[in-house]
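First comes the structure, then the notes that go with it.
What's counted below: heavy atoms across the whole structure, side chains too, no hydrogens, waters or symmetry copies. Atoms within each ligand, like the ligands themselves, are counted from 1 in listed order. Since the model is a prediction, treat every value here as computed from it, not as a measurement.
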Amino acid sequence: IAVERPAHHTPSAFEKNGPTGDPVVKLAGIRKSFGDLEVLKGIDLNIYQGEHVVLIGPSGSGKSTVLRTINLLEKPTSGSLVVDGHEYGAGSTAPRGNSLQLRRTVGMVFQQFNLFPHLTALDNVALPLRSVRGLSRRDAEARAAEELRRVGLLIRAGHYPSQLSGGQQQRVAIARALALDPKVMLFDEPTSALDPELVGEVLRTMQAVAESGMTMVVVTHEIGFAREVGDLNVFMEDGVVVESGGRGFYENCTSPRAIEFIKAVK
Ligand code: ADP
Ligand code: MG
C-alpha cells in the first residue's frame, strides 16, 4: 500500500536536525530466553526524540518481543533498558525505575485492537485517562473527545466497537494510547488483522501521528509506509539485528536476507 506524502510535507524536527539529546529508549545487549529458547540474542538500539523506527523481519524473528521488552511486558534475561531516563532490565546497576511509570511513558497499539467491547469509543479512550491519569469523568471525556477528533472519529464517539469497522476500531485504539501523552508509541503490526481496504486509513492516521513529532517504533510489513516514515529501519532475523539503515534502506540494503525479505513482502 502506497502512502503518499502530503504535497507540502514538512520534515519533522528529527528529519531536520537528526538525533538530539539522550535516546528516549536505549536497549543495550538485550537478551531474552523463554526456557531453553533464546529469542533475543543481544539487541542494541537507540531511539531518539521524534525518531520513527521501523522493525521488519520474518515471523518468529523476535520483533514483538523487542516491543514487549520496551514496555516491560517481558523482562529481559540480560542487558539494560533505559526509557525516558529511567533504567530497567536485568543487567541494570542503577536503581530500578518503577514499571507503572514506564506504562505511562510508553503507549502500545496491538494487532488486535483490544478495545473494551462494552464501552463506547468515547469511554474506551476516557477510561484510562481516569484510571491511569486520575482525571475527573468530565475532564477525561473532554480529552477523549479531542483525541477522537484527532483521528477523525468524533462522529463515532457514541458507537460501541461492534458498530465500528476494524479500521475505525484501530483508530480508536490509537486515540486511546495517544490520550495518555506517551513519550513513545509502539505499534505491533497494527494493520495485519484488517481487511485490505481498511489498511490505508490506519496507515494515514499513523502517518499523522508521525508528523506530529511523536517518537515511534513500528513493526509492519507495509513497506510503502516504512519507506515514507522510517528514519531508522531495522531488519531482524532469528533474534539479532541483521542490518539497519536510514532513509533509502529498502533500496540500498545489502544483506541477502534483508533483500530477499523485502522483495517477498513488497
Ligand atoms: P515476531 O514478532 O518477530 O514474529 P516474536 O517476538 O513474537 O516474533 O517471537 C519470537 C520467538 O519467541 C518465537 O519463536 C516465539 O515462538 C517465541 N516466543 C514469544 N513469546 C513467547 C512466550 N511467551 N513463551 C515462549 N516462547 C515465546
Ligand atoms: Mg510479532
Query raised in the report: Can you list the ligand 1 atoms lying under 4.0 Å from a non-hydrogen atom of Thr65?
Result: 5 (P), 6 (O), 9 (O)
Query raised in the report: Partners of Phe235 by ring-ring contact (aromatic ring centres under 6.0 Å, His included), sequence neighbours excluded?
Result: Phe261
Report task. Apply side-chain contact (heavy atoms from CB on, under 4.5 Å) to Thr254 and list each qualifying residue two or more places apart in sequence or on a separate chain. Result -> Glu243
Requested in this report: Please report which non-hydrogen protein atom sits nearest to atom 27 (C) of ligand 1, along with the residue it belongs to and the distance in Å to one decimal place.
Outcome: Phe34 CD1, 3.3 Å
Report task. Say whether, by atom type as modelled, one donor and one acceptor occur between the side chain of His52 and the main chain of Met214 under 3.5 angstrom. Result -> yes
Query raised in the report: When you measure from atom 16 (O) of ligand 1 to every protein heavy atom, which one gives the shortest distance, and what is it?
Result: Leu37 CD2, 4.9 Å
Query raised in the report: How does the hydrophobic cluster around Tyr48 look, that is, which other residues are in it when side-chain heavy atoms under 4.5 Å mark a link?
Result: Phe14
Query - Closest protein heavy atom (residue, atom, distance) for atom 8 (O) of ligand 1 - result: Gly62 N, 3.2 Å
Requested in this report: May I ask you to decide if Gly245's main-chain N or O and Asn233's side chain share a donor-acceptor pair within less than 3.5 Å?
Outcome: yes
Report task. For Pro58, take its heavy atoms, then give the atoms of ligand 1 lying under 4.0 Å from any of them. Result -> 3 (O)
Query raised in the report: What protein N/O/S atoms lie closer than 2.8 Å to the Mg ion (ligand 2)?
Result: Ser64 OG
Query raised in the report: Are the side chain of Lys32 and the backbone N or O of Lys75 linked by a donor-acceptor pair below 3.5 Å?
Result: yes
**Report entry** Close N or O approach (Glu74, ligand 1; < 3.5 Å)
**Finding:** no
Query - Lys266 side-chain N/O to Ile223 backbone N/O, donor-acceptor pair under 3.5 Å - result: no
Query raised in the report: Hey, is Ser59 one of the residues with a heavy atom under 4.0 angstrom from ligand 1?
Result: yes
**Report entry** Closest approach of any protein heavy atom to atom 7 (O) of ligand 1, naming residue and atom
**Finding:** Ser64 CB, 3.6 Å
Report summary line: From the list Ser255, Pro256, Cys253, side chain to side chain contact (heavy atoms under 4.5 Å, CB included) partner of Val242 resolves to Ser255
Report task. For atom 11 (C) of ligand 1, find the nearest protein heavy atom and state the residue, atom name and distance (0.1 Å precision). Result -> Val39 CG1, 3.4 Å
Query raised in the report: Passes salt bridge (Lys or Arg N to Asp or Glu O under 4.0 Å), Glu141 versus Arg137? Steps please.
Result: CA-CA 6 Å; Glu141 287 178 354; Arg137 172 189 287 271; 3.5 Å; yes
Report task. Looking only at protein heavy atoms, identify the closest one to atom 10 (C) of ligand 1 and say how far it is in Å. Result -> Gly60 O, 3.4 Å
**Report entry** Residue from Val25, Val83, Val106 passing side chain to side chain contact (heavy atoms under 4.5 Å, CB included) with Asn71
**Finding:** Val106
Query raised in the report: Are Arg143 and Glu147 close enough for a salt bridge, meaning some N to O gap below 4.0 Å?
Result: yes
